[in-house]
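Whatever order the structure lists them in is the order used to number ligands and atoms, beginning at 1. All figures in this text were calculated on a predicted structure; none of them were measured in a lab.
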Amino acid sequence: MEPLSFDIVIIGGGAAGFFAAINAAEMAPEAKICILERGKDVLNKVRISGGGRCNVTHAEFLPKELTRNYPRGEKELRGPFHSFMTGDTIEWFEKRGVPLKIEEDGRMFPESNSSETIIDLFLQESKRLKIELLTKRAVQGLQQKNDHWEISTSQENFVAKKVMIATGSNPKMWNLLQDLGHSIVPGVPSLFTFNISDKRIKDLPGVATNAVVKLKRTKLGTSGPLLITHWGMSGPAILKLSAWGARELSDKKNFEIEVNWLPEISSEEVEAELLRLKKENAKQFPHKYAQFELPKRLWQSLLNASGIDAEIRWADLNKQQLEELQQQLTGGSFQVHGKSTFKEEFVTAGGVELKEVNFKTFESKVCKNLFLAGEVLNIDAITGGFNFQNAWTGGYLAAQAMTAL
Ligand SMILES: Cc1cc2nc3c(=O)[nH]c(=O)nc-3n(C[C@H](O)[C@H](O)[C@H](O)COP(=O)(O)OP(=O)(O)OC[C@H]3O[C@@H](n4cnc5c(N)ncnc54)[C@H](O)[C@@H]3O)c2cc1C
């Protein structure tokens with residue numbers, strides 16, 4: 001059978017693939033464009049993203065600040081974000097009838113609070129722009145012949161002038177790209193929670209507070225809300241640390257973290273405050289009232305860990321107990337013995353080596369007329385809408401380059 005011929009073939013019907021296809025079709029209305037998707041449905045990750053609400057982007061409007069949320073890709077995305085970033089994303093969706101709203105923590109969602117709104121928009125736009133959408137087409141082979149690409153799928157074959165790979169972190173596609181001469185950084189999980197079995201937090205699931213968490217024996221540290229769970233610790237501070245430490249932690253089951261439960265004040269200030277409490281609240285029991293605005297159960301648990309039981313008064317605290325309490329408050333060590341994938345949202349760190357990509361166009365430097373965007377690249381971010389922003393930015397700039405004369 002004769003191969004089907006297109007100007008642009010986009011492999012992967014996910015966030016980056018659809019964004020590239022729609023923009024390319026608008027920029028070059030005459031171009032014949034198709035999306036090849038291996039599954040029977042498209043945009044599956046968009047559907048389940050953000051707990052079904054789709055955290056589309058993050059209200060951070062300075063390119064340099066935005067890049068700080070990418071443990072991998074920070075340097076490379078700075079240029080692209082100058083061309084297409086948050087403000088452009090908001091405008092893009094708004095112009096097409098999907099306004100976004102900002103939540104208190106900066107995450108942005110469709111006003112409808114439903115990822116289906118994004119999916120409906122993408123499907124509607126693809127139809128309007130006559131983008132051929134072919135599902136159940138797993139791409140199995142990719143070869144460059146003279147001035148065109150030959151693409152073989154589980155069904156028919158295709159030829160195209162330009163190909164874009166937007167297959168996320170699918171290892172089979174990474175293998176195909178390796179055969180084409182690309183280097184692949186092996187995939188490891190990012191965004192996971194820590195399993196910790198420790199008396200200090202055992203009875204506190206559900207307690208949340210701001211903290212600074214450091215990975216011991218490294219320079220890595222993050223801050224933000226920390227949530228105590230039934231199995232250990234979670235929340236933005238932990239997820240961020242898992243993302244920045246994804247490589248270091250990939251082969252480690254056991255490691256140690258240090259938690260500062262009082263990130264807003266210095267150790268010296270904590271020490272001075274404890275001495276003041278000892279003096280001024282001499283007759284009171286430390287267990288009775290939580291200090292430093294800590295959740296009461298956490299405060300009591302840290303007192304117990306410092307050898308201060310409910311019968312002891314402030315006046316009776318000895319030097320060792322005060323020192324231990326200060327240590328527990330500002331730098332307690334916790335042994336982590338395993339990781340759990342955060343079911344709501346996780347990404348894979350790894351993918352096409354970034355130095356092999358031109359970040360003005362998202363074109364491969366190894367193969368001409370081959371474009372790459374989204375998670376197929378060795379780019380990933382912490383939670384908050386940044387992973388999709390990478391897909392939109394890459395998709396948009398690749399569309400521009402693929403349709404340029
Ligand atoms: C549960 C969950 C929730 C998330 N929530 C958010 C969120 O709210 N905000 C955020 O920013 N990020 C979120 N993320 C991360 C985000 O979903 C991804 O970063 C983003 O989807 C990556 O887009 P992509 O287009 O590169 O890849 P994908 O969305 O993974 O799309 C790749 C597509 O390519 C197809 N494909 C793969 N191989 C082939 C092949 N050989 N032939 C044809 N097709 C192929 C796949 O079937 C898939 O449809 C979440 C991730 C998960 C798992």
Sub-4.0 Å atoms of ligand 1 with respect to non-hydrogen atoms of Gly374
26 (O)
Between Ala15 and ligand 1, does any nitrogen or oxygen pair lie at a separation below 3.5 Å?
yes
Pair Asn55-Arg107, side-chain donor/acceptor within less than 3.5 Å
no
Are any of the N/O atoms on Gly17, whether in the backbone or the side chain, positioned under 3.5 angstrom from an N/O atom of ligand 1?
no
With a 4.5 Å limit on heavy-atom distance, are the side chains of Thr57 and Phe93 in contact?
no
At a 4.0 Å threshold, what atoms of ligand 1 neighbour a non-hydrogen atom of Ser49?
3 (C), 4 (C), 5 (N), 6 (C), 7 (C), 8 (O)
Is it true that Glu37 lies under 4.0 Å from ligand 1, counting heavy atoms only?
yes
Set of residues satisfying side chain to side chain contact (heavy atoms under 4.5 Å, CB included) with respect to Arg38, sequence neighbours excluded
Ala138, Asn170
If the threshold is 4.0 Å, N to carboxylate O, is there a salt bridge linking Glu103 and Lys101?
yes
Hey, does Gln389 come in under 3.5 Å of ligand 1, counting only N/O atoms on both sides?
no
Contact check: Ala16 vs ligand 1, nitrogen or oxygen atoms, below 3.5 angstrom:
yes
Salt bridge check: are Glu156 and Arg137 linked by an N-O gap of less than 4.0 Å?
yes
Check: of Leu142, Ile11, Leu43, Thr167, min heavy-atom distance to atom 39 (C) of ligand 1 comes from Thr167
Give a yes-or-no answer on whether the side chains of Ser5 and Lys32 include a donor-acceptor pair shorter than 3.5 Å.
no
Heavy-atom contacts with Leu36 under 4.0 Å: which atoms of ligand 1 show up? List them by number with element.
43 (C), 44 (N)
Report yes if Val139 has an N/O atom closer than 3.5 Å to an N/O atom of ligand 1; otherwise report no.
yes
Nearest heavy atom to atom 31 (O) of ligand 1, choosing from Gly52, Gly39, Gly14, Gly50, belongs to Gly14
Sub-4.5 Å side-chain heavy-atom contact between Thr67 and Lys75
no
Would you check whether Arg137 reaches within less than 4.0 Å of ligand 1, judged by its heavy atoms?
yes
Counting the benzene-type ring for Trp, do Phe334 and Phe194 have ring centres under 6.0 Å apart?
no
State the atoms of ligand 1, each with its element, that fall below the 4.0 Å cut-off from a heavy-atom position in Lys45.
17 (O), 21 (O), 29 (O), 30 (O)
Which of the atoms in ligand 1, numbered in the order shown and given with their element, are less than 4.0 Å from a heavy-atom of Asn170?
37 (C), 38 (N), 39 (C), 41 (N)
Would Phe84 and Phe81 count as a close aromatic pair, with their ring centres under 6.0 Å?
no
Considering only heavy atoms of Asn55, which atoms of ligand 1 have at least one such atom less than 4.0 Å away?
7 (C), 8 (O), 9 (N), 10 (C), 11 (O)
Measure the distances from the heavy atoms of Val347 to every atom of ligand 1 and state whether one is below 4.0 angstrom.
yes
May I ask you to list the atoms of ligand 1 that are less than 4.0 angstrom from any heavy atom of Met173?
41 (N)
Using a strict 4.0 Å cut-off to heavy atoms of Gly385, name the atoms of ligand 1 that fall inside it.
9 (N), 10 (C), 11 (O)
Measure the CH2-OG1 distance between Trp92 and Thr86 for me, rounded to the nearest 0.5 Å.
15.5 Å
Taking NZ, NE, NH1 and NH2 as the nitrogens, is one of them in Glu60 or Arg68 under 4.0 Å from a carboxylate oxygen of the other?
no
